[in-house]
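The next block holds one structure in the form of structure tokens; read it before the comments.
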Amino acid sequence: MESKDAVIALSALAQATRLNIFRTLVEAGPAGLNAGRLAEIAAIPPSSLSFHLKELSHAGLAESRQEGRFVVYSARFETMNRLLAYLTENCCGGTPCGASDTPACTGGGSS
């Protein structure tokens, strides 16, 4: 992923409603959600949903398809994964690291 594409994707996600919509689409998986159901879950009017989905689509983070009389939206996981790879490509000085390299959360509370 090029830096200009990362900036576009991050800009799209840097708004609370769009971030919520994107996370909802990620949770729905590849099957996605129809626009009506997505509007219900996100608790926003359909006209606002259309605006935010346009921005996510422009950034390559969401896509739509027609299923009968419904428009179904889904996250573009390949773009999400490319963005994550771009953000972490120099992690740990360029040495690959994973979850096993991070300390376990202890909860910070008293025992």
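Just so you know, these numbers come straight off a predicted model, no measurement behind them.
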**Request:** Using the rule that two of Ile, Leu, Val, Met, Phe, Trp, Tyr join whenever any of their side-chain heavy atoms come within less than 4.5 Å, decide whether Phe51 and Leu19 are in one cluster.
**Result:** no

**Common cluster, Leu25/Phe70, ILVMFWY with side-chain heavy-atom separation under 4.5 Å** = no

**Prompt:** Taking atom CG of Leu56 and atom CZ of Phe22, what is their separation to the nearest 0.5 Å?
**Reply:** 7.5 Å

Donor-acceptor pairs under 3.5 Å, side chain of residues 26-45 to any protein atom, not counting sequence neighbours: which ones?
residue, atom, partner, partner atom, Å
Asn34, OD1, Gly36, N, 3.0
Asn34, OD1, Arg37, N, 2.8
Arg37, NH1, Glu40, OE1, 3.0

Show which side-chain atoms of residues 4-17 pair as donor or acceptor with protein atoms under 3.5 Å away, not counting sequence neighbours.
residue, atom, partner, partner atom, Å
Ser11, OG, Val7, O, 2.8
Gln15, OE1, Thr17, N, 2.8
Gln15, OE1, Arg18, N, 2.9

**Of all pairs that satisfy salt bridge (Lys or Arg N to Asp or Glu O under 4.0 Å), the ones with a partner from residues 64-73, not counting sequence neighbours** = Arg65-Glu67

Check: residues 71-84 side-chain donor-acceptor pairs under 3.5 Å, at least two apart:
residue, atom, partner, partner atom, Å
Arg76, NE, Glu78, OE2, 2.8
Arg76, NH2, Glu78, OE2, 2.8
Thr79, OG1, Gly60, O, 2.7
Asn81, ND2, Phe77, O, 3.2

